[in-house]
Amino acid sequence: MSKEEKKPFRETVAGWRRFCYNPRSGEIMGRTAKSWGLILLFYAVFYGFLAALFTFTMWVMLQTLSDDIPKYRDRISSPGLMISPKPDTALEFSFNKSDNSSYQVYVDVLKNFLTSYGDSKQSRNINCASGRFFEQNEVADKQACRFNLSNLGPCSGQEDDSFGYSKGTPCVIVKMNRIIGLKPEGNPYINCKTKVKVLASLFDQKTDQAQLTYFPPGGTIDLMYFPYYGKKLHANYLQPLVAVQLAANSSNTKDDVTIECKIEGSPNLRNHDDRDKFLGRIAFKFQISE
Amino acid sequence: LFQKRADIYSVEIHGSKDLEKVDKGDEKENYKDLKGNRKKSKKQDDLRKELDLDDHKLSNEELEEKYSTSITKGLTSAKAAEILARDGPNALTPPKSTPEIIKFLKQMVGGFSLLLWAGALLCWIAFGIQFAQGVPSARDNLYLGIVLALVVILTGIFAYYQEAKSTNIMASFSKMIPQQALVLRNAEKKEISAEELVVGDIVEVKGGDRIPADIRIIFSQGCKVDNSSLTGESEPQSRSCEFTHDNPLETKNVAFYSTTCLEGTATGIVINTGDNTIIGRIASLASGVGNEKTPIALEIEHFVHIVAGVAISIVVLFFVIAVSMHYAVLDSIIFLIGIIVANVPEGLLATVTVSLSLTAKRMSKKNCLVKNLEAVETLGSTSIICSDKTGTLTQNRMTVAHLWFDNQIFSADTSEDQECQTFDQSSGTWSALSKIVTLCNRAEFRPGQEDTPIMKRIVVGDASETALLKFSEVILNDVMGVRTRNKKVTEIPFNSTNKFQLSIHETDDPNDKRFLLVMKGAPERILERCSTIMINGKEEPLDKERAEAFQTAYMEMGGLGERVLGFCHLYLPEDEFPDTYPFDTDSMNFPTSNLCFVGLLSMIDPPRSTVPDAVSKCRSAGIKVIMVTGDHPITAKAIAKSVGIISATSETVEDIAKRLNIPVEQVNKRDAKAAVVNGMELKDMTLEQLDDILANHSEIVFARTSPQQKLIIVEGCQRQDAVVAVTGDGVNDSPALKKADIGIAMGIAGSDAAKNAADMILLDDNFASIVTGVEEGRLIFDNLKKTIAYTLTKNIAELCPFLIYIIASIPLPIGTITILFIDLGTDIIPSVALAYEKAERDIMNRKPRHKKKDRLVNEQLAVYSYLQIGLLQSLGAFLAYFTVYAEQGFLPYTLLNIRTRWEDHSNNDLEDSYGQEWTMYQRTYLQWNGYTAFFVSITIQQVADLIIRKTRRNSIFQQGLFRNKVIWVGIFSQIAIALILCYGLGSVAALNFTPLRFQYWFVAMPYAILIWVYDEFRKLFIRQYPGSWWDKNMYY
């Protein structure tokens, strides 16, 4: 706008005041009270109608869906891997084995996570035949297979309250994401690789392997836990777990241990995807100090 | 005559002083443009100073010395080149234009660019912070910022290119007619481009040429020039080498650049070239007159303000909401980017430009060449046209309009392409009259034009004689033959003291040895010399009664504003004037009295045949047509009446006074619809009086006006809040052309200065072309409204996702990049297609829009687009979004408040409504799927939006669904682009598109249909209940 068009400030203020309330025509913000009333009424009716319409169309859409299984499952054809406990940031565990407050949070999470696997919770679950799928397509009341916590050995929390964290041998539970109807082929198992960055000196860095122990042995995932029939039909379903325990490595302190776990042994469970770093694999890091 | 001319010149020279006086006298807003320009008064000083030109007083020898040239040899090529290097080419510098880089940068910061720059900046800030934090997706923001910057730069380049293109049209246009000059150099005559002329060159001009520079005449033979482009006075003036007046403008021995040599030849020394010429200096005055912002530019500015205002208030509001909802500042910034991008219609300004240039193209096909794209619309909002008379309203050539013989007035055909005359030609008087008209005429057709229609042939001779020649050629078909058969014995050419022209001929009848003396001239002078009058082929005594009849006819024809000539003849008795009689024109040894009066012929520059219709169209379109001319009031009024500028029933104050027989002062001025204002009266008027005239008379003619007065009239009209169009051709018109909201120059008759100052050029000089222009202008205004309404609608559908995302913490329904693909991808062609929409009803039957009340984007348009259709669209799109998520396992209630977990990169086992667990990437892919569904839904609903925007009040079925084929091209392109993005580029991760299940294309369809049905009802109610609450609130 050119300079000449600028009105004096007083005039502008007066103009605004007149816009807010014009005593001559009784207009508030350019409309009379009656006009405001009408327009608001119109919009109330109009929006009321729109709200009803939207609700109706949503309702119609939801009617087409089944309560039991989602209409499409093509976006999750292969499961991701996840661990428990899960550190808040970036899957990096960092604790001092002699300071129990530094790892208490992990222990609590693990305990909490494993409560649903407690014997009392699994009272209605049945023991299934190991090594083959537990199909119950025809059955209306779907049973869940029992997963014994004892499978997890020292990582079950039954023997060691601190899941090994106090000894510098922390347990991590690796689980495969639940996917309705997924049937792994072959004999899937969890296999992890470790990478240890040893800070012997500034110029002498070398990587080393750390020892891992798997529970159940070999990190196997039993096929009897598949397929999954969904939250509603398969209410008591428990997904199989694999515990991974980092062996004590007393010589080196303040080591960075990177662990990458993959699901292997099953051709239809993908464990390598350029974009999805969690599809059939997971990487996490331990930094244990004394 | 001389006195009169001097008067006009003084108006011209002191005219600039007049303006200054007004400046000082009226310090109010009205004259800020002139007042604001100090440079201009300096220029005026220059003008006055350099008018002290004394070349006209010098003798040829002194001139030769002054310019170191030789009258016989001219300059040497070397010398000429040297002077050319010093003075520059002999051409008017076009008005100083803004440097290209400034123009370009202006495009970069104009309109929405600043908002987008802000968005880009926020992106980079977000990238900086995220990058420092090591967030893996930080680069997305970097790329988004780059994309936004690219959008700004590309649209800027596009707008700049469009502007440059229209400027180029102009440039190529003015280069179309290169002017040549015949110059004497190195003692050789040669043709060079007029631009290469330098001071001191000896040039030759002949009839028909344009004077190539200011020249001091050193030799002339019957040279006459038309100074109308300089003074507005169309009377030809003779030029000779005598020094006749102190004032260089009035002396006869100077001819001015860009005036036309009508007849004769002349040789002269170039004394001024290019911008130093008188015309050059007047033209540079025009550049001092400020350029008004075009109405459409103001409208677009207004619209940008609205959209930017909405954007900024939403941005601020939601920033506050986001922060108070404890979102991190960084997240809030990212929201802002989305809101800005969603709110700004990135492609719209480019679309507007394209629409305007399409119209400009269409107009240039109809002979309206648009120089300034925005002027396309200005013509549509024009409420007053100040039209020049000569050449625009009239044919710019004298034509015989009426004849009087046998006591009867006959009308002649004055149309442009007359081939025969239909009045009664059986009378003997007519054959006598036609003989005089044919013989007593020095004008001749240039040879070699037998195939051209008579009216288009080029004639050597002055305007009246040309008119008579063509008139008789149309009737007799063999004027030259008649002339050869009636051999001319002697003649006395017309001169201003005698006021008659006479010639003596042998007759074509071999048995008749008499000579025939024919004479024409000013009617009263001719009548004085007559004693008899021819009635029905017989000579009868000219008694008092007959003389009175003559007077009545003369007055009547004169009252029509026509130039009347009287004709008489005499057969010289054979015994007194034998074959060998030595006629001597000096001693006049033959009778020049007691002749036989034959008849009167009147001529006028007749209106173009298309003009009356065009004027009445303007009138029904609510446009006031004001005639502003330098011509006599009577002629002006006559033409005004014949073209309908003054309608048949309306009267001026003077007419009423005459009818009621009372003095002019007693007439109630409000009774008179029409007014004819003389330039002399105008000079003494105060601005209030002028305003009063402009406001209270609907039919106005300004006669005898000077260029400065033209400017004052234009300003007066603008004070009435009118959008004023001015037509003009001369240099003297250029200030008014510039001042006008839209200046229209004549393409054929127009001078370069006028064309430079104008926004539009009428290639055929035809007033009727203005009417088509008005129509196109109004159409494009309506269509731009539709385009904008169409474009704004989906902004809400793009904005709502962000708002819901912030408030309900659902996964983001549509990405920023996706929005850009709508704004700059699918929507572009359809919104341009709306520019091809036909008018809904007769746009030429409504009033021009009021500059301040009828906005391009009004409250109704914004509210209807944003709050009604936009919202409907959002609902449709959200339905598709929820459908995609629900069918994959995330039911709507699960999505609420899921955002933090959804966007947590380390959370790779997010549980859906069915107990399945999703990794981050799987979710992201689903989110993109959601983007695509949202995008597709908006696209589908935009198709419905496009169809409803075809009309604003008519039903689609009234308008015809298939009449505008381009709309369908738009629809298909829209869908094709969406298909390509979806299925073709679905694999390119950076674009965030995924292939989509086919049925999702139809989810929003019910909403699309609802949009259309609802809008049909809206239009139905508007048509059914005009003026109702619905009409007022729903019609945009």
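Order of the sequence lines fixes the chain letters, A, B, ..., with proteins taken first and strands second; residue numbering starts at 1 for each chain.
Around the CZ atom of B:Phe1017, the shell of radius 6.0 Å holds no more than 12 heavy atoms that belong to other residues, nucleotides or ligands. Summarising the local packing, NZ of A:Lys121 is surrounded by 12 or fewer heavy atoms from other residues, nucleotides or ligands at distances under 6.0 Å. More than 12 heavy atoms of other residues, nucleotides or ligands lie within 6.0 Å of CZ in A:Phe133, so this atom counts as buried by the packing criterion. Under a cut-off of 6.0 angstrom, the local environment of OH in B:Tyr1025 is sparse, with at most 12 non-hydrogen atoms contributed by other residues, nucleotides or ligands.
With B:Glu887 contributing its side chain and A:Tyr72 its backbone, the two residues share no donor-acceptor pair below 3.5 Å. Distance alone, capped at 3.5 Å, is enough to place a donor-acceptor pair between the B:Gln922 side chain and the A:Ser78 backbone.
For A:Ile282, no part lies under 4.5 angstrom from a heavy atom of chain B. Only the side chain of B:Pro892 comes within contact range of chain A, with heavy atoms under 4.5 Å apart. Heavy atoms closer than 4.5 Å to chain A are found in both the backbone and the side chain of B:Val863. For B:Gln868, the parts lying near chain A are the backbone and the side chain together; criterion is any non-hydrogen pair under 4.5 Å. Contacts of A:Lys175 with chain B are made by side-chain atoms alone, with heavy-atom separations under 4.5 Å and no backbone atom involved. Only the side chain of A:Met61 comes within contact range of chain B, judged by heavy atoms closer than 4.5 Å. Proximity to chain A is limited to the side chain of B:Tyr1007, based on heavy atoms less than 4.5 angstrom apart. Both the backbone and the side chain of B:Asn908 come within less than 4.5 Å of a heavy atom of chain A. At a 4.5 Å heavy-atom cutoff, the contact between A:Ile69 and chain B is made by backbone atoms alone. When heavy atoms are compared at a cutoff of 4.5 Å, A:Tyr47 approaches chain B solely by way of its side chain, counted from C-beta outward.
A:Gly80 and B:Thr919 get closest at one heavy-atom pair: CA-CG2, 3.4 Å. Between B:Glu917 and A:Gln239, the shortest heavy-atom distance links the atoms OE1-NE2, 3.3 Å. Heavy-atom minimum distance, B:Asp912 versus A:Lys231: O-NZ, 4.2 Å.
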* How far apart are the C-alpha atoms of B:Leu875 and A:Leu50, what are their side-chain angles, what is the distance that settles it, and do they pass the side-chain contact (heavy atoms from CB on, under 4.5 Å) test? -> CA-CA 8 Å; B:Leu875 292 184; A:Leu50 288 193; 3.8 Å; yes
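Here the CG atom belonging to A:Asn177 is positioned 10.0 Å from the CD atom belonging to B:Glu911, to the nearest 0.5 angstrom. Distance check, rounded to the nearest 0.5 Å: CZ of B:Arg997 to CG of A:Asp74 gives 4.0 Å. Going from atom CD of B:Gln916 over to atom CG of A:Leu182 covers 9.5 Å, rounded to the nearest 0.5 Å. Separation of atoms CG (B:Asp909) and CZ (A:Phe278) is listed at 10.0 Å; rounding is to 0.5 Å. In this structure, the separation between OG on B:Ser874 and CZ on A:Phe54 is 10.0 Å, given to the nearest 0.5 Å.
Looking at B:Leu879 and A:Met58, their side chains come closer than 4.5 Å, going by heavy atoms from C-beta outward.
The distance between the ring centers of B:Tyr1014 and A:Phe46 falls below 6.0 angstrom.
Ranked by heavy-atom pairs under 4.5 Å with chain B, the list A:Leu81, A:Leu65, A:Leu62 is led by A:Leu65. Counting heavy-atom pairs under 4.5 Å between each of B:Tyr921, B:Trp1029, B:Tyr914 and chain A puts B:Tyr914 at the top. When B:Asn929, B:Leu1010, B:Thr924, B:Leu867 are compared by the number of non-hydrogen pairs under 4.5 Å with chain A, B:Leu867 comes out ahead.
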